[in-house]
Amino acid sequence: MDIKNEVLYRVYFLLFGIVVPAAILLLYRTVQISIVQGDTWREQGENNYVRYKEIPADRGNIFSSDGSLLATSIPYFDLYFDPVAPNERDFNLYIDSLAYCWATYIDDTYTVGGLRDHLIRLRQDSTNRHLMIKRKVSYAEKKFIESFPLFRLGQFRGGVIAEQRSDRRRPFGVLAQRTIGYVREGAKPVGIEGYFEPYLQGDPGGLYMICVDRKKDIWLPLQDLSAIDPTPGDDVITTIDINVQDIVENALLRALNYHEAEWGTAVLMEVKSGAIKAIANLGKSQEGWWETYNHAVGTSVEPGSTFKLASMMAMLEDGFVRLEDSIDIEKGKTQFYEDVMVDSSPESEEIDTTTVRQVFQMSSNVGMAKLVNQAYGGQGDAARFIRRLQQFNLHIPTGIEIEGEAAPYIKEAYSQKDRWSGTTLPWMAIGYESRVTPLQLLTFYNAVANNGTMMQPYLVSGIQRNGEELETFRPTVVKRKIASERTIRLAQELLAGVVLEGTAKKLFTDRYSFAGKTGTAQTNYRRLSAERTRIGGYRASFIGYFPAENPVYSCIVVIHNPRAHGYYGSDVAGPVFREIADKTYFATLDIHEPVNTQPKPKLATAQLPSYDFGQRQDIRNVMEYLDLPVYGAPTTDLVMLRAKTDSVFMDKKTLFRGQVPNVTGLGLKDALYVLENLGLQVDVQGVGKVALQSIRPGTAAQRQRIKLTLQ
Amino acid sequence: MSTVIARLSAELRGDRSIWAVIAVLAVFSLLGVYSSTGTLAYLKQGGNTEAYLIRHGIILMGGLVLVYVVHLMNYSLFSRLAPGLMMIAIPLLLYTLVFGVNINDARRWIEIPFIGRTFQPSDLAKLALILYVARTISGKQEYIKDLHSAFIPIIVPVLIVCGLIAPADLSSAVLLFFTCVLMMVVGRVSLQYIGLLLFLGVVTFGVLVTLGNYFPEYIRVETWISRVNDFMFDPNGGYQVQQAKIAIANGEWLGAGPGNSIQRNYLPSPYADFIYAIICEEYGIIGGAILISMYVVLFFRVTRLVTKSPKAFGAIVAIGLSISMVLQAFINMAVATHLVPVTGVTLPMVSMGGTSIMFSCLAFGVILSVSRYVESLES
């Protein structure tokens, strides 16, 4: 083989053995990617550069009936820094001053130099593209941080990333906290927040973002595809009156503390409508008393003596008893089969025979059980008793707009499943072997107060959007008449009697009338009878309404397992009811009878304000509220009042520049306004009006410190 | 127009087909670079894509001038220059390995004093080595099958140069090594020894990997491993390759049209390593096929040259330079089509980059110089 041919063979081998096959392979592969697998890759491409970004909607607010914010969302921002985003020139130019601002205003754990080196290192490593600047900053603070050197170049050139979030706040803290509730990821929704989620959440909007720089992960909103603005959630207007709620929650809290109880609940309902004006639930937690569980709605328990109203009404409906009938209560102790029943009140030990009225008013277990047993103990008669209880709607939930209402439990007559026994009927008569929630029982009492019309309890009166009424929830009648008029009238009479001469007589007041029933349920009596010991747990309760003649509010108070200072319903729960009733009665002006029907007394100069001064608008508001006529139209912000014979004259009040004025008698707001405008630094002590000022009036004002004592 | 072409062809000596290949590649280069520098322009020039177009256009014009000048020279001059070039290239490679500028995590560049531009000595070394190997092979044709007097003197410089390039730029080193092996095949070196050489190459690579564990600063073993992993185990071939495939798929048969690439925004350095994908996206499979065929035509025309070249040096240097470009081009395209792991090689004459285009033009110049000589003999 000659040299030339050997070279040629080898060259052709390269051409046809390597180059041409390689070219064909490449072409084949290109066609395969582009055509055969084309759809797969193109689809991957789609996801690459356009993505949908959801814009969360602002959550609706929850308002109290008086327009106070119970729950609202406050926006805040988490700020991050991408040290790789800025270009080399900007980064080097601004890094020193940025580090200075950062270390000075945000994070003083770093020195300026240390922070700068840290940032430079991060930029070189380019591993952390999401360096936390600060969490939870307000809008104002965000603006401030974004004005730092480098950051002020904007998101793309400056590398500062702001992520908006929002916080749910309850401005009134613990007040009705559990009832307001929450919606949290990974937790069961609770309360009004949970139930009205569809209204509150709004509709998230969204827009398409396009990635303009994959490497730096820069996304810009795509303009031509329509961005959908989020629809903010609607506002929920509750029936809760924040002032009444405050009263109820505080009264309950004090009692729980005093009696060292486990938990307690109190609900105040408007009799005519069923609107819940206040609902408090307090339980002991590690951080003290807290709204941890909505016992009023979610805890169904044996009610004890408060259930006797239902037993009594059943018998009255069936005509088995008259209030003046007499009954032997066997000195407060009797036996049904093998079980012994005793009266909890020691008074019973001296009584043999008494009236039905007395049995109810002094809450005799023996008397009530015997009455019911006589009435319904006959063959098959227990079913009538159960039917009466069902007539009072005690067997169905109220349907309150809160998640997690517990269902009541009323045994079916003679039911094997419900373990009906010979002792069931007498014990049911006094409120055992059945379970109802505090709210269900209150709804029943409320119906009695409302002359037999049972109202649906409700917490939300309406839905608003941008302050405009969207939906209004009217009071709902559940049952027009739960019992005959006569039964209702007698029940009201009995409940009033409990306060006048029965178990609640120590709660009596002559300032207003109220009616109600005490309850003292034993909580672990089953174990008690087994061990034959008397270490008992109790649940004290009181349910009633006020004023007795023309009821406006009904209220239940339940205190579970009090361990100090008594355990009777009248000692533990009753006083809470009284405190709530007292304060609500006097806070709610429209309940009162007019104090004086005589003509208005003449204004006397001596009683009129004189030489008081303050902000013009404030004074006007006060005068308007008091319905006092004022004259004069001064132009100054500060005005002084001068009493005339039957009116008040408003005069201008001028302060001498550079002189400390006399501020005694002023409210703190006005005193601060005046003094700080003069450049003084004010220290304050006490509450009330200014009683003493540490610098004498007329002294030259030279930015001194002045101390005010308020009284 | 026709007079311009007539005037040009009168000026241009050598194989007109090769000239045509150069022209077509230059056009692809201009189009590809213009549409793919969008992100670069956005980041560095405030969105001014023309700045890159003009700069690239000037480089291409300079390159064509270089081809013209070099093709007029007598190619035997390069044979004489080869040892000198080697003497410059080897120290430069050593210097780069130790003091080179680190760009994209690889120490491949050195800064030219006073000008402030960076420059890849491996490009120079590649040219020098191909010239040197061609010179040695052609000089030892009488006893080319001998081990000591022919084979050893040929492979020693090959192993030295490839060994010096490999730590920072393994793919270039491997390409150069295979180029030299194929030159030896054509230069009638005993196939037995070539087999031995392949074995030696594998051993050298093994030593490099071992050394890499001790000097990670200088030898990029980690990068190699991660790229091979991406290739072997990621069905998409890693992020870059996935983006390249999306680009190719976007083009379908006819392409999205000039300037309509979307993937240029997602492909890292679309103007260099992945320019083939961008060309496929904008000009479709048709565009890709034309591009591939250009390199095949180049090699085909060079084989024709071999059959006619009376002197061994001319033939072997033309084969060496063309096989180097074709191999590099195919590897570049194979990366974009997920046939081999990601390497850092550019598409000769097409990818943006001053040195890369200058050395491609130099190579074309030498090939055309050989062609001009063959042509002058024929006429």
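This structure is a prediction, so every number in the text was calculated from the model and none was measured. Just so it is clear: chains get the letters A, B, ... in the order the sequence lines come, proteins before strands, and each one is counted from 1.
- With a 4.5 Å cut-off on non-hydrogen atoms, B:Ile292 touches chain A through its side chain but not through its backbone.
- Only the side chain of B:Ile323 comes within less than 4.5 Å of a heavy atom of chain A; its backbone N, CA, C and O stay farther away.
- Not a single donor-acceptor pair under 3.5 Å links the side chain of A:Arg116 to the backbone N or O of A:Asp96.
- In this structure, a donor-acceptor pair under 3.5 Å is present between the side chains of A:Gln32 and A:Arg29.
- Of the listed residues A:Leu25, A:Asp39, A:Leu26, the one with more heavy-atom pairs under 4.5 angstrom with chain B than any other is A:Leu26.
- Taken from CE in B:Met184 to OG1 in B:Thr136, the straight-line distance is 9.0 Å, to the nearest 0.5 Å.
- Ion pairing between A:Lys136 and A:Glu141 fails under the 4.0 Å rule for side-chain N and carboxylate O.
- Residue with the most contacts toward chain A among B:Trp253, B:Phe300, B:Tyr295: B:Trp253 (heavy-atom pairs, distance under 4.5 Å).
- Expressed to the nearest 0.5 Å, how far CD1 of B:Ile285 lies from CD1 of B:Ile248 amounts to 9.5 Å.
- Among A:Ile35, A:Leu8, A:Thr40, the residue making the largest number of heavy-atom pairs under 4.5 Å with chain B is A:Ile35.
- Contact of A:Leu15 with chain B is made through backbone and side chain together, with heavy-atom distances under 4.5 Å.
- Of the residues considered (B:Leu182, B:Val296, B:Val185), B:Val185 shows the highest number of contacts with chain A, using heavy-atom pairs under 4.5 Å.
- A salt bridge is defined here as a Lys NZ or Arg NE, NH1 or NH2 lying under 4.0 Å from an Asp or Glu carboxylate O, and B:Arg304 with B:Asp15 fails to meet this definition.
- Residue B:Ile319 touches chain A through its side chain alone, counting heavy-atom pairs closer than 4.5 Å.
- Using a 4.5 Å cut-off between heavy atoms, A:Val20 touches chain B through its side chain atoms alone.
- In this model, no donor atom of one side chain and acceptor atom of the other lie less than 3.5 Å apart for B:Thr337 and B:Tyr276.
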